[in-house]
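Presented below is the structure to which this report refers.
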Amino acid sequence: MATTACFIIVSRNDIPIYESEVGTATKREDAAQLHQFILHAALDIVQDLAWTTSAMYLKSIDRFNDLVVSVYVTAGHTRFMLLHDSRNDDGIKSFFQEVHELYIKILLNPLYLPGSRITSSHFDTKVRALARKYL
């Protein structure tokens with residue numbers, strides 16, 4: 001089954017530091033812009049929910065047609081946002097937890113400036129592999 005999935009990491013200052021289309025569905029020309037628009041529109045909801053709960057995984061916070069926005073908020077208020085059309089909550093939670101571990105490894109790199117764009121091809125490869133595994 002083909003899935004639509006767009007994954008983005010947003011810093012605490014609302015700056016996207018990593019973006020990836022990780023789904024297996026065929027890509028339309030305007031799909032990337034639509035996915036970015038949906039995810040950025042959901043940031044206000046995330047901002048409100050993040051301060052009302054101590055949970056890191058906020059599950060499904062928004063919907064657009066058949067697409068769902070799921071969010072994971074780190075302790076440093078970095079948001080991992082996934083736009084998807086699947087119903088696999090356990091897989092999505094596992095995906096977020098493993099990407100969080102990868103993100104921590106990036107932060108531990110002394111050459112990485114926190115809040116800057118993540119350009120590591122190794123990180124990108126690992127995220128795509130996790131998406132194939134869990135989503």
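Side-chain contact check for Met81 versus Val46: some heavy-atom pair is nearer than 4.5 Å. Here the side chains of Tyr103 and Lys105 are not in contact, with every heavy-atom distance at 4.5 Å or above. Between Glu19 and Arg117 there is a side-chain heavy-atom pair separated by less than 4.5 Å. Using a 4.5 Å cut-off on side-chain heavy atoms (C-beta onward), Leu67 and Val69 make no contact. Looking only at side-chain heavy atoms (C-beta outward), Glu98 and Leu130 come within less than 4.5 Å of each other.
In this structure, the side chain of Asn109 engages the main chain of Leu111 through a donor-acceptor pair within 3.5 Å. No side-chain donor-acceptor contact under 3.5 Å links Asp85 to the backbone of Val68.
Neither side chain, Tyr72 nor Gln97, offers a donor N or O lying under 3.5 Å from an acceptor on the other. Remark: the His100 side chain and the Thr74 side chain contain no N/O donor-acceptor pair separated by less than 3.5 Å.
Each of Gln47, His40, Arg79 was checked for a side-chain hydrogen bond (donor to acceptor under 3.5 Å, both in side chains) with Asp14, and the lone residue meeting it is Arg79.
Once rounded to the nearest 0.5 Å, the distance linking OH of Tyr18 with OG of Ser116 reads 14.5 Å. Note that CD1 of Ile106 and NZ of Lys126 are 11.5 Å apart. Values are rounded to the nearest 0.5 Å. We find the CG-CZ distance between Leu39 and Phe7 to be 10.0 Å, quoted to the nearest 0.5 Å.
Closest heavy-atom contact between Ile17 and Gly115: CG2-O, 3.3 Å. The two atoms that bring Phe96 and Ser70 nearest to each other are CZ-O, 3.5 Å, heavy atoms only. Listed here is the closest heavy atom pair of Ser20 and Asp124: OG-OD1, 4.0 Å. For the pair Phe123 and Ile118, the tightest heavy-atom approach, listed with the atom from each and the gap, is CD2-CG2, 3.6 Å.
Under 4.0 Å is where a charged nitrogen must lie from a carboxylate oxygen, and between Arg128 and Glu21 no such pair does.
Leu82 and Phe37 are members of different hydrophobic clusters when ILVMFWY side chains are connected at heavy-atom separations under 4.5 Å. Both Ile45 and Leu43 sit in one connected hydrophobic cluster of ILVMFWY residues. Membership requires side-chain heavy atoms under 4.5 Å apart, directly or through other members.
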